[in-house]
Amino acid sequence: MQYTLTSACATPADEDALWQMLYVAAQMVKDGITDYQLAKTTPTVAPYMANWGLPGDAGIIARTNQRVCGAVWLRAVPADSTTGYYPTATHKLAIAVHPDFHGHGIGTTLMHGMCAVADQRDWCVSLTVRADNQAVRLYHRHHFVIADTIINRVGTPSSLMVRHQANCVHTHDKGTARR
């Protein structure tokens, strides 16, 4: 399968592609949500993309000739963050590969590229992943470690994973996290 990778800049085309991938990353279809536009109005999901192009935003998009097949992006966790579970002084990572494109190495390629960006900028990176998501193996291969278990926005367990953990300040308040 051929696809191209591009940096995700603050353009309307990139923003729409990232919203589509956020919908996939948050597994909103499992929650009965059938339109990716609704990610924009879901309070626990929208902060991953709202106002794309803020200082500290970085992303990579994988595209075929016809469509977006995957994306990964980082967003700085603000010092006054109210999420309650992301470590301060980190960048939260979101990644998705459209189900039609699973099994082609796109996720690995995206993670490798974004980890290189984070390393170059000396960023500590955090993410959450549902406990039953097979992507946990991908994150382990890219040196993420489980720092905590939280309850996600749908009431099931998720793992908070951190990369370059020594640089992160973890201020999680158990039981309050929802993604």
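Count residues from 1 along the sequence.
Counted within 6.0 Å of NE2 on H112, heavy atoms from surrounding residues, nucleotides or ligands total 12 or fewer; the atom is thus considered open. Counting heavy-atom neighbours within 6.0 Å of H102 NE2, excluding the residue itself, gives a total above 12.
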Please lay out, stage by stage, how V68 and M21 fare under the test side chain to side chain contact (heavy atoms under 4.5 Å, CB included). CA-CA 8 Å; V68 174; M21 290 296 98; 3.9 Å; yes
List the steps, then state whether side chain to side chain contact (heavy atoms under 4.5 Å, CB included) holds for T128 with K92. CA-CA 8 Å; T128 59; K92 57 186 171 184; over 6 Å; no
Between K40 and D35, does a salt bridge (Lys or Arg N to Asp or Glu O under 4.0 Å) hold up when you go through it step by step? CA-CA 10 Å; K40 296 176 182 181; D35 183 355; over 6 Å; no
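Annotation: the span from M111 atom CE to L93 atom CG amounts to 5.5 Å, rounded to 0.5 Å. Here the straight-line distance linking atom OH of Y139 with atom CZ of R137 works out to 12.0 Å at 0.5 Å rounding. For the atom pair D119 CG and D122 CG, the distance stands at 8.0 Å (nearest 0.5 Å). Rounding to the nearest 0.5 angstrom, the gap separating the CD1 atom in I150 from the OG atom in S158 is 5.0 Å. Taken to the nearest 0.5 Å, the SG atom of C115 stands 5.0 Å off from the NE2 atom of H142. To the nearest 0.5 Å, the span separating OG on S126 from CG on D148 amounts to 12.0 Å.
Without hydrogens or angle criteria, T156 side chain to N152 main chain gives no donor-acceptor distance under 3.5 Å. In this structure, R75 contributes its side chain and A50 its backbone to a donor-acceptor pair below 3.5 Å. T64 contributes a side-chain N or O that, together with a main-chain N or O of R67, makes up a donor-acceptor pair within less than 3.5 Å. Here the side chain of H104 pairs no donor or acceptor atom with the backbone of I106 at under 3.5 angstrom.
No side-chain heavy atom of M28 sits less than 4.5 Å from a side-chain heavy atom of Y36. Considering only heavy atoms from C-beta on, L74 comes within 4.5 Å of V125 through its side chain. In this structure the side chain of V154 reaches within 4.5 angstrom of the side chain of D31, judged on heavy atoms. Counting only heavy atoms from C-beta outward, the side chains of W73 and I61 never approach each other to under 4.5 Å. Contact check for F101 versus Y3: no side-chain heavy atoms found under the 4.5 Å cut-off. Side-chain contact check for C69 versus V97: every heavy-atom pair is 4.5 Å or farther apart.
Between P99 and V24, the shortest heavy-atom contact is CD-CG1, 4.2 Å. Nearest approach of N133 to A135, heavy atoms of both residues: OD1-N, 2.8 Å. Minimum heavy-atom separation, L110 to A96: CD1-O, 4.2 Å. Residue R163 comes nearest to C124 through the heavy atom pair O-SG, 3.3 Å, listed as atom of the first residue, atom of the second, then distance. The heavy-atom pair separating A25 from I95 by the smallest distance is CB-O, 3.3 Å. Looking at every heavy atom in both residues, L127 comes nearest to F144 through CD2-CE2, 3.4 Å.
Criterion: ILVMFWY side-chain heavy atoms under 4.5 Å apart, direct or through other members. Under it, W19 and L54 are not part of a common hydrophobic cluster.
Residues T108 and R141 bring a donor and an acceptor atom of their side chains to less than 3.5 Å of each other.
A salt bridge links R63 with D14: the closest approach of a Lys/Arg side-chain nitrogen to an acidic carboxylate oxygen falls below 4.0 angstrom.
When each of L18, L22, D16 is paired with Q20, the side chain to side chain contact (heavy atoms under 4.5 Å, CB included) condition holds for D16 and for no other.
Between H91 and W123, the ring-plane angle classifies as parallel under the 30° and 60° cut-offs.
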